[in-house]
Amino acid sequence: MESSTLATQLQALLDAGGGEPMEGGRYLPLVTVESGARVGLDATATWILVPDNGDPPRRYAPEQAHTFYEVVETKRQEFDDTLEETAAAAGLPAEEILFSFPAVPIVRAVLARDFPYLTRLALVWIRTTELRELRAEILTISRNTDLPIAIRDLATHLIVPV
């Protein structure tokens, strides 16, 4: 199924009163992360993060991937399972939605920030299937002497052969 079809389905769902209101329209919340922020999709099938503190919603864009850092604070399996369950409950293609989530760009952006706590969470959040794509960033973390040794060791264990 193409994302334009997904967007059509989302638009119909939201036009019928599904989802929740947000600044600038409606969105379908799919996962509530540890911070209380909600991650979902808007009517154009764009990922959105709605903070629980009243700040404006953040629409995902590659150059703003770091603003979705809160997702790595939730266990990956729990995040993915909730995403699929909520999408299926809304009558949407759960697998398409799961695979459309920009996990790798978000992890890459978090790793680039060099914050020890978030770096560790991002490393743990990576799926085995994503290791090769993130290899360069993981290598950089493993060699970064400004980070605690435990984080460098974790990164070293995640390095996959070329």
Report task. Check ring-ring contact (aromatic ring centres under 6.0 Å, His included) between Y27 and all other residues, then give those that pass, not counting sequence neighbours. Result ->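 For Y27 there are no ring-ring contact (aromatic ring centres under 6.0 Å, His included) partners, ignoring immediate neighbours.
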Does [Y] offer a backbone N or O that forms a donor-acceptor pair with the side chain of [X] under 3.5 Å?
X	Y	answer
R120	A150	no
R113	H66	no
R26	D15	no

Kindly give the heavy-atom pair with the smallest separation between [X] and [Y], and that separation in Å.
X	Y	answer
E96	L6	OE2-CB, 3.7 Å
P161	R135	C-NE, 4.0 Å
A65	P105	CB-O, 3.6 Å
P51	P57	CD-CA, 4.2 Å

**Report entry** Linked hydrophobic residues, V162 as query - side chain contacts closer than 4.5 Å
**Finding:** none
**Report entry** Candidate list L123, L147, T156, test side-chain contact (heavy atoms from CB on, under 4.5 Å), partner S142, passing option
**Finding:**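 Considering L123, L147, T156, a side-chain contact (heavy atoms from CB on, under 4.5 Å) with S142 is found only for T156.
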Query - Matching residue for I159 among L134, L131, I138 - test: side-chain contact (heavy atoms from CB on, under 4.5 Å) - result: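 Only match with I159 under side-chain contact (heavy atoms from CB on, under 4.5 Å): I138.
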Report task. Enter the distance from T119:OG1 to I141:CD1 here, rounded to the nearest 0.5 Å. Result -> 5.0 Å
Query raised in the report: Is there a side-chain contact between T46 and I48 (heavy atoms, below 4.5 Å)?
Result: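 Side-chain contact under 4.5 Å: no.
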Report task. State, with a plain yes or no, whether a side-chain heavy atom of L121 is found less than 4.5 Å away from one of Y69. Result -> no
**Report entry** Criterion side-chain contact (heavy atoms from CB on, under 4.5 Å) on I149 and R152, from CA distance to verdict
**Finding:** CA-CA 5 Å; I149 188 124; R152 294 192 320 255; 3.3 Å; yes
**Report entry** Pair L118-E73, side-chain contact (heavy atoms from CB on, under 4.5 Å): steps then yes or no
**Finding:** CA-CA 8 Å; L118 288 174; E73 295 176 337; 3.9 Å; yes
Query - Under the salt bridge (Lys or Arg N to Asp or Glu O under 4.0 Å) test, residues paired with R59 that sit two or more places apart - result: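 Partners of R59 under the salt bridge (Lys or Arg N to Asp or Glu O under 4.0 Å) test: D42.
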Requested in this report: Starting from the C-alpha separation in whole Å, work towards a yes-or-no answer on side-chain contact (heavy atoms from CB on, under 4.5 Å) for W125 and I106.
Outcome: CA-CA 10 Å; W125 216 69; I106 291 169; 5.7 Å; no
**Report entry** Polar side chain donor-acceptor pair, R127 to Q77, under 3.5 angstrom
**Finding:** yes
Report task. Would you please indicate if the ring centroids of W47 and F68 are separated by under 6.0 Å? Result -> no
